[in-house]
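Index from 1, following the sequence. Here the structure is a predicted model, which means the values were calculated and not measured.
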Amino acid sequence: MMRDYSYSYEWDQEYCYPNSNVLINKLNIQDADALHTAEREITSLRLAAAKVQPVKGKLNLAHLQKLHGYLFGDIYDWAGKYAMINLERLTEQNIDAVRAIHREDIPESWVDNADTLWELTQYGLEHNCIGHTFAVKYGEAYIGVILLGEAIPWETDPEEMKVEPFYRLIGFVIDNRYRSKGIGGKVLEMVVDTIYREYGVRPIALGVHKDNHGAARFYERHGFVGVDAMEGNDRYYIRFPKNSFWDSSWQTVDPNRIVQYIETFDMGEDIIITTLHQYGVQSICDAGCGCGIYALKLAANGFSVSGFDVSFHALEIAQSLFEKAGYSADFKTASILDTGYADNQFDCVISRDVLDHIRKADAIIALKELGRITKPGGIVLFTLDSLDEEYESETHIVNEDGDYVFTDGKWNGMVFHPYDREEVCEIIPTGVICEVTDNHGELTVLLRKG
């Protein structure tokens, strides 16, 4: 009978035991027949349980992932997740596969084709430019291509890009059968992370055709800001690595320790959640959500949660936490200065200990942005940490705005601004109703949008 349900696949070093076609599994079973038996027994129990307590949700990709994770999560670490996305250097061996990707809706006047990228790659190698051109694989299929490398100066480059070295992103396209699945965003951040780790952190510039509105929205969601400069029909978009300290910090965090911490974290109602209920809040954006611990608490208390952070690595942990807990949330990489959300989108925007970790001048901009995405009658609620001895002891300078800029040691690159009640009023938009609660120097600020 088992033969009727058997399946086979080629060996894959990411998924299979060495020199075997047996999938790596939590039970460490390395015999194919034994693994098939265990799979059938465990998933049968899961299916029986689902008949009593169904896995509810809309029939979409996210729900199918949830179902897959529910059925196979006791067996495989990757259950319910996307197939592995891999990056390969563009070579003569894989360029034909890249040429064959489905991109009929993206004309070459918008995004260069594989042959042009190959020529640019060879030019970069001949001139010792740093960077890479990657062929993008999803499982075994080639689904895209992207070039990110050292920018050779152009006369049309924006003035702000002429004062320091930067990277230029060229030719990024994903097969149209694989779009709108979150793959493109993950690929982009994987490539940026790879280049940053190999060659160092620099600003990134790219051109988006004036008619390619979908691409403009995509890059804006990923922290790029459009500027006035044009290269032909292409508008320049720039991403500055202002918050690289936080992304670097999150790269060192062990996700397993976060999971252990969650097990002891109080998911019950607290003073903030009580306040949210009092204001009739349903939809919440967690601005600077980090690894999503408090966002998870919000979801556990019945709120519809979205969240963003500058750190792609933190959001990977957040997404994993939500999947394990059986909740859903809309996470994305974005800057608190330019979130990319629509006007009047959320009942509430919450930001815990984030605004005091950017410069005061940026906090003023950030609060206007958080107000913009809050519905009329909604609230913006944020907390500010107090200045303690540890902040004072680390190497830092204090600029004319009172920002602590750390210049060495474990906090090198971090910014902190200590606020008191009076100074909070200086960053609040004019005419906004404001309530400040002081708890031994730690401030909770509630703004009501008229």
Side-chain angles (χ1 to χ4, degrees), residues 1-88 136-143 175 177-183 186-187 190 254-263 267 291-292 296 299-300 315-331:
M1 187 70 171
M2 183 182 295
R3 292 290 178 187
D4 295 337
Y5 295 90
S6 64
Y7 50 85
S8 62
Y9 32 79
E10 296 180 358
W11 175 74
D12 185 296
Q13 64 179 349
E14 297 289 346
Y15 292 104
C16 297
Y17 288 103
N19 303 313
S20 165
N21 67 345
V22 179
L23 292 169
I24 296 170
N25 58 84
K26 294 180 177 180
L27 308 175
N28 200 29
I29 296 174
Q30 299 189 31
D31 177 79
D33 288 339
L35 180 59
H36 289 164
T37 299
E39 258 193 23
R40 293 189 64 186
E41 291 178 352
I42 292 172
T43 55
S44 294
L45 291 172
R46 281 293 197 175
L47 282 170
K51 291 180 179 179
V52 178
Q53 188 173 1
V55 181
K56 297 180 179 180
K58 296 179 180 179
L59 189 58
N60 54 25
L61 177 62
H63 185 59
L64 292 175
Q65 286 181 270
K66 188 176 180 180
L67 286 171
H68 190 271
Y70 177 81
L71 292 172
F72 294 95
D74 293 330
I75 311 169
Y76 303 113
D77 286 325
W78 43 263
K81 299 178 181 178
Y82 288 127
M84 183 67 70
I85 297 172
N86 288 314
L87 302 175
E88 290 183 0
V136 181
K137 293 187 72 176
Y138 184 78
E140 293 302 311
Y142 286 91
I143 66 162
D175 188 304
R177 297 168 296 177
Y178 293 84
R179 295 186 205 143
S180 301
K181 302 178 185 291
I183 295 173
K186 187 165 186 177
V187 169
M190 287 172 66
D254 181 1
N256 293 321
R257 294 189 64 183
I258 301 295
V259 172
Q260 292 171 4
Y261 176 73
I262 284 289
E263 293 174 354
M267 288 291 176
C291 67
L296 187 62
L315 293 179
E316 282 194 317
I317 299 174
Q319 191 64 54
S320 176
L321 291 179
F322 269 69
E323 290 173 358
K324 289 180 184 296
Y327 294 109
S328 62
D330 180 18
F331 291 116

Review point. Roughly how far, to the nearest 0.5 Å, is the CG atom of Leu35 from the CG atom of Asn25?
Key: 5.0 Å
Exercise for review: Locate the shortest heavy-atom distance separating Gly73 from Lys26; write the atom from each residue and the value.
Suggested key: O-NZ, 2.5 Å
**Study point:** Residue list, side chain to side chain contact (heavy atoms under 4.5 Å, CB included) with Ile42, at least two apart or on another chain
**Key:** Leu27, Asp74, Ile75
**Study point:** Test item: Asp175 and Tyr138 side chains (from C-beta on) under 4.5 Å apart, heavy atoms
**Key:** no
Side-chain atoms of residues 315-324: list all donor-acceptor pairs with protein atoms under 3.5 Å, sequence neighbours left out, distances to 0.1 Å.
none

Exercise for review: Applying side-chain hydrogen bond (donor to acceptor under 3.5 Å, both in side chains), name anything that partners Tyr142, two or more places apart in sequence or on another chain.
Suggested key: Glu88
**Study point:** Contacts of Tyr327 that satisfy ring pair (Phe, Tyr, Trp, His ring centres under 6.0 Å) - sequence neighbours left out
**Key:** none
Check your understanding: So how far is it from Lys186 NZ to Ile85 CD1, rounded to the nearest 0.5 Å?
Key -> 5.0 Å
Practice item. Could you list the residues that satisfy side chain to side chain contact (heavy atoms under 4.5 Å, CB included) with Gln30, not counting sequence neighbours? Key: Tyr17, Asn28
Exercise for review: Not counting sequence neighbours, which residues clear side chain to side chain contact (heavy atoms under 4.5 Å, CB included) with Ala141? List them please.
Suggested key: Ile143, Tyr178
Revision key, fill the gap. For Phe72, the ring pair (Phe, Tyr, Trp, His ring centres under 6.0 Å) test, sequence neighbours excluded, returns His68
Check your understanding: Would you call Ile29 and Val22 a side-chain contact if the rule is heavy atoms closer than 4.5 Å?
Key -> no
Practice item. Please round to the nearest 0.5 Å and tell me the distance separating atom NE2 of His36 and atom CG of Leu23. Key: 8.0 Å
Review point. How would you list, by chain and number, every residue that makes a side chain to side chain contact (heavy atoms under 4.5 Å, CB included) with Asp31, sequence neighbours excluded?
Key: Asp33, Ala34
